[in-house]
Protein chains: 2
Amino acid sequence: MKLTTKGRYAVTAVLDLALHCEKGPVTLADIAERQKLSLSYLEQLFSKLRKAEVVKAVRGPGGGYLLGSTTENISVSEIIDAVEEKVDATQCGGQGDCNKGMACLTHTLWQDLNDQVHGFLKGVSIASLMERSAVKQVALRQDAGPQDEPQIVTLED
Amino acid sequence: MKLTTKGRYAVTAVLDLALHCEKGPVTLADIAERQKLSLSYLEQLFSKLRKAEVVKAVRGPGGGYLLGSTTENISVSEIIDAVEEKVDATQCGGQGDCNKGMACLTHTLWQDLNDQVHGFLKGVSIASLMERSAVKQVALRQDAGPQDEPQIVTLED
DNA sequence: GAAAAGCTGAGTAATTTAGTTGGTTAAAAG
DNA sequence: CTTTTAACCAACTAAATTACTCAGCTTTTC
């Protein structure tokens with residue numbers, strides 16, 4: 001498991017999708033615009049996300065992407081797994097015999113560590129991220145105090 | 001926070017150091033040999049680790065590196081922080097106002113997520129990794145059954 | 001059948017990772 | 001006090017990954 005900006009882009013994009021797809025498919029062009037990413041890069045990421053069934057595509061005019069599952073059932077780890085190449089941590093093919101056992105043990109350890117991080121991120125759903133988002137926006141609105149044009153929580157652009 | 005092979009190399013190297021420094025300083029050449037890494041790359045990593053006081057250097061013949069603290073007090077997150085560049089996730093300088101609030105919220109979320117992973121890895125010490133290592137070796141020995149030259153748990157090369 | 005979108009692949013620029021080279025200092029040993 | 005050992009350091013290069021561009025194709029709606 002890797003954790004880089006690529007994974008962040010993917011999570012951000014899926015979250016953006018989740019926040020906008022209630023009324024129908026969302027185009028990558030829209031997400032690219034909102035998140036300031038290149039359309040083609042998003043296409044590449046979503047190609048992987050679609051193959052991993054994190055998202056669903058709807059082709060043709062009025063088309064775009066929808067979530068492949070409920071927000072509760074999509075975890076951050078799924079998204080990251082879909083887009084990041086898996087680091088093949090083993091030089092020994094999992095035989096446990098590289099470098100007289102020593103090096104292999106240490107990278108088995110790393111694998112364990114990764115598994116733990118993975119397990120942790122598996123427990124974080126898009127739904128929970130959205131909830132935080134809503135909470136944060138409410139918090140921001142409260143910080144700003146009463147206004148003529150309240151920064152409403154609708155989350156539509 | 002990033003989580004890449006670079007961080008893995010650093011964790012592996014520090015773990016190797018921890019497993020071998022009981023009888024005195026360990027040279028990078030030894031670690032490079034055991035872990036199959038280039039000496040110069042290790043030098044770069046250890047330069048950062050030393051500045052972060054994860055390790056201590058002893059110069060001259062018979063010199064090498066020692067741990068900067070007890071194995072209980074060195075966490076995986078410290079090691080990774082020392083070697084990986086910090087991803088500046090904010091395009092807005094933390095003002096919370098980039099892209100009309102929306103993008104900024106999502107990357108604040110990412111920041112939160114990172115903080116959680118970070119907190120998690122802060123709880124994993126070198127000591128606990130070593131313990132796992134010892135346990136694993138015992139397990140391996142047991143799997144292999146009784147032997148003439150038992151794969152003893154001494155952990156010295 | 002034109003337009004809107006997804007889909008695909010080849011290519012490229014920028015960044016990061018990993019390694020190389022060629023030194024210099026500090027300390028120990030002889 | 002000279003040699004050796006090993007850390008320290010900086011500039012450079014190579015390889016890999018990330019991010020993007022371009023150019024076209026396919027599916028679906030109007």
Side-chain angles (χ1 to χ4, degrees), chain A residues 1-13 17 20-21 24-33 35-68 80 82-89 91, chain B residues 1-13 17 20-21 24-33 35-68 80 82-89 91:
Chain A
M1 175 155 194
K2 260 182 356 184
L3 209 53
T4 67
T5 52
K6 193 176 187 180
R8 190 181 84 216
Y9 286 152
V11 172
T12 305
L17 171 59
H20 292 89
C21 70
V26 179
T27 68
L28 290 189
D30 285 352
I31 297 177
E33 164 65 19
Q35 303 305 328
K36 304 288 180 228
L37 296 172
S38 90
L39 177 58
S40 294
Y41 193 46
L42 273 181
E43 280 177 345
Q44 287 171 36
L45 295 180
F46 272 72
S47 168
K48 292 181 177 178
L49 290 170
R50 184 176 54 81
K51 279 162 192 160
E53 296 182 338
V54 173
V55 299
K56 275 185 302 207
V58 179
R59 297 177 74 151
Y65 284 93
L66 295 169
L67 292 180
I80 290 174
V83 299
E84 309 246 40
E85 312 302 322
K86 59 190 61 161
V87 201
D88 176 25
Q91 298 157 325
Chain B
M1 175 151 193
K2 259 181 356 183
L3 209 52
T4 66
T5 51
K6 193 177 186 178
R8 189 182 85 214
Y9 286 153
V11 172
T12 304
L17 172 59
H20 293 89
C21 70
V26 179
T27 67
L28 291 189
D30 284 350
I31 298 176
E33 164 65 19
Q35 303 305 328
K36 303 292 179 221
L37 297 172
S38 89
L39 176 59
S40 294
Y41 193 45
L42 274 181
E43 280 178 346
Q44 286 171 37
L45 295 180
F46 273 72
S47 169
K48 292 180 176 178
L49 290 169
R50 185 175 53 81
K51 279 163 192 160
E53 294 182 340
V54 173
V55 299
K56 274 185 302 204
V58 179
R59 299 179 71 154
Y65 284 93
L66 296 168
L67 293 179
I80 290 174
V83 298
E84 309 246 39
E85 311 302 321
K86 60 189 62 164
V87 201
D88 176 24
Q91 299 157 326

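Chain letters run A, B, ... following the sequence lines, proteins first, then strands; residues in each count from 1.
- Interatomic distance, OH of B:Y9 versus CG of B:L37, reported as 6.0 Å (0.5 Å rounding).
- Proximity of A:M1 to B:L3: side-chain heavy atoms (C-beta onward) are nowhere separated by under 4.5 Å.
- Note that CD of B:Q44 is 10.5 Å distant from CG of B:L39, once rounded to the nearest 0.5 Å.
- Rounded to whole Å, atom C1' of C:dC7 lies 10 Å from atom CG of A:L28.
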Between the protein and nucleotides 11-17 of chain C, which nitrogen or oxygen pairs are less than 3.5 angstrom apart?
| unit_1 | atom_1 | unit_2 | atom_2 | d |
| --- | --- | --- | --- | --- |
| C:dT17 | OP1 | B:K2 | NZ | 3.2 |

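- Under the side-chain contact (heavy atoms from CB on, under 4.5 Å) criterion, B:A29 pairs with B:T27, sequence neighbours left out.
- Within 4.0 Å (heavy atoms only), B:L39 reaches no atom of the nucleic acid at all.
- Within the 4.5 Å cutoff, the side chain of A:I31 has no heavy atoms near those of the A:Y65 side chain.
- Taking atom CG of A:L45 as the reference point, atom C1' of D:dT17 lies 13 Å away to the nearest angstrom.
- In the interface, the side chain of B:S47 is not paired with the base of D:dC9 through any donor and acceptor atom under 3.5 Å apart.
- Between A:R50 and C:dT8, a side-chain N or O to OP1/OP2 separation shorter than 4.0 Å is present.
- Atoms CD and OG1, from B:E84 and B:T4 in turn, are 3.5 Å apart once rounded to the nearest 0.5 Å.
- Here the CD atom belonging to A:Q35 is positioned 10.5 Å from the CZ atom belonging to A:R8, to the nearest 0.5 angstrom.
- B:E43 has its CD atom 9 Å from the C1' atom of D:dA6, to the nearest Å.
- When all heavy atoms are compared, the tightest approach of A:A13 to A:L42 is CB-CD2, 3.9 Å.
- In this entry the distance linking CZ of B:R8 with P of D:dT17 reads 12 Å, nearest Å.
- One can place CG of B:L42 at 14 Å from C1' of C:dT20, the figure rounded to the nearest angstrom.
- Comparing B:V26 and B:S40 against DNA chain D, the residue whose closest nucleotide sits nearer the 5' end is B:V26.
- The nearest whole Å value for the distance from the NZ atom in B:K36 to the P atom in C:dG19 is 13 Å.
- The CD-P distance, from A:E33 to C:dA5, rounds to 14 Å in whole Å.
- Near DNA chain D, meaning a heavy atom under 4.0 Å away, the residues from residues 56-68 of chain B are B:A57, B:V58, B:R59, B:G60, B:P61, B:G63, B:G64, B:Y65.
- Atom NZ of B:K48 is separated from atom C1' of D:dC9 by 14 Å (rounded to the nearest Å).
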Apply side-chain contact (heavy atoms from CB on, under 4.5 Å) to the pair B:K48 and B:V54, showing each step before the final yes or no. CA-CA 9 Å; B:K48 292 180 176 178; B:V54 173; over 6 Å; no
